[in-house]
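See below for the structure under consideration.
Excluded from the calculations below are hydrogen atoms, water molecules and symmetry mates; all remaining heavy atoms, backbone and side chain alike, are included. Everything numeric here is computed off the predicted structure, so don't read it as measured data.
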Amino acid sequence: MTTFDQSFAALADPTRRAIIARLAQGEATVQDLARPFSISQPAISRHLKVLEAAGLIETRIDGTARPRRLKPDAVEALWDWLGQYRALWETRFQKLDAVLDGLSDETDQTPSANPERSTR
C-alpha cells in the first residue's frame, strides 16, 4: 500500500478526521484527544496508531507525556496531490457556470407563457 493509500484509508474514518482537525490546532495528548468522543481512551490510541502508521501524525516524548502533532510535510503532500484535481474541477465548474449563465440569459428573453389579456 502506498503512502497516499494509507493516508486516505486513515482519513476515511470520521473519528480520525476529527482527530486530525483537532491536531491542526496544535499538539495534544491522548487524554485531550479522547475528551470529545464517547469512546474509550484505548480506542483513541488505536486511531492514533493508524494515523501514525499512515505518516500523518507523530509522537513527541515529553517526560511521561506523549503529545501527538500533525506532520506538516505529509499533510502538504496530500494537499499538493489533491490540488491538481482541484484545478481540474474549478475549470469544469467555470465552464458549467458559463453554460448556466447562457441558459439564464435565454430564459430572460423568452416571452412569458401567459401574456396579459386585454379587457373588453
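- I57 places none of its side-chain heavy atoms less than 4.5 Å from the side chain of R69.
- A9 approaches R16 most closely through the heavy-atom pair O-NH2, 3.8 Å.
- Other residues, nucleotides and ligands contribute more than 12 heavy atoms inside 6.0 Å of the CZ atom of R60.
- Within the 4.5 Å cutoff, the side chain of V50 has no heavy atoms near those of the L56 side chain.
- Nearest heavy atoms, R22 versus L33: CG-CD2, 3.5 Å.
- When all heavy atoms of A74 and G55 are compared, the pair lying nearest together is CB-O, 3.0 Å.
- Annotation: side chain of V75 is not in contact with side chain of I20 (no heavy-atom distance under 4.5 Å).
- We find the NZ-CG distance between K49 and L51 to be 12.5 Å, quoted to the nearest 0.5 Å.
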Item to check | Residues R92, L88; criterion side-chain contact (heavy atoms from CB on, under 4.5 Å); working and verdict | outcome: CA-CA 6 Å; R92 289 184 179 180; L88 169 78; 3.8 Å; yes
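- Looking only at distances, a side-chain donor or acceptor of R17 sits under 3.5 Å from a matching main-chain atom of L11.
- The shortest distance between side-chain heavy atoms of R68 and V30 falls below 4.5 Å.
- Without hydrogens or angle criteria, Q84 side chain to W81 main chain gives a donor-acceptor distance under 3.5 Å.
- Shortest non-hydrogen contact noted between D32 and R35 is OD1-NH1, 3.1 Å.
- Looking at every heavy atom in both residues, L23 comes nearest to A28 through CD2-N, 3.8 Å.
- Checked by atom type and distance alone, the side chain of R66 never pairs as donor or acceptor with a backbone atom of T29 at under 3.5 Å.
- Linking ILVMFWY residues whenever their side-chain heavy atoms come closer than 4.5 Å, directly or via other members, leaves F4 and W79 in distinct clusters.
- By the 4.5 Å heavy-atom criterion applied to side chains, T59 and L48 are not counted as neighbours.
- Here the side chains of I39 and H47 are in contact, with some heavy-atom distance below 4.5 Å.
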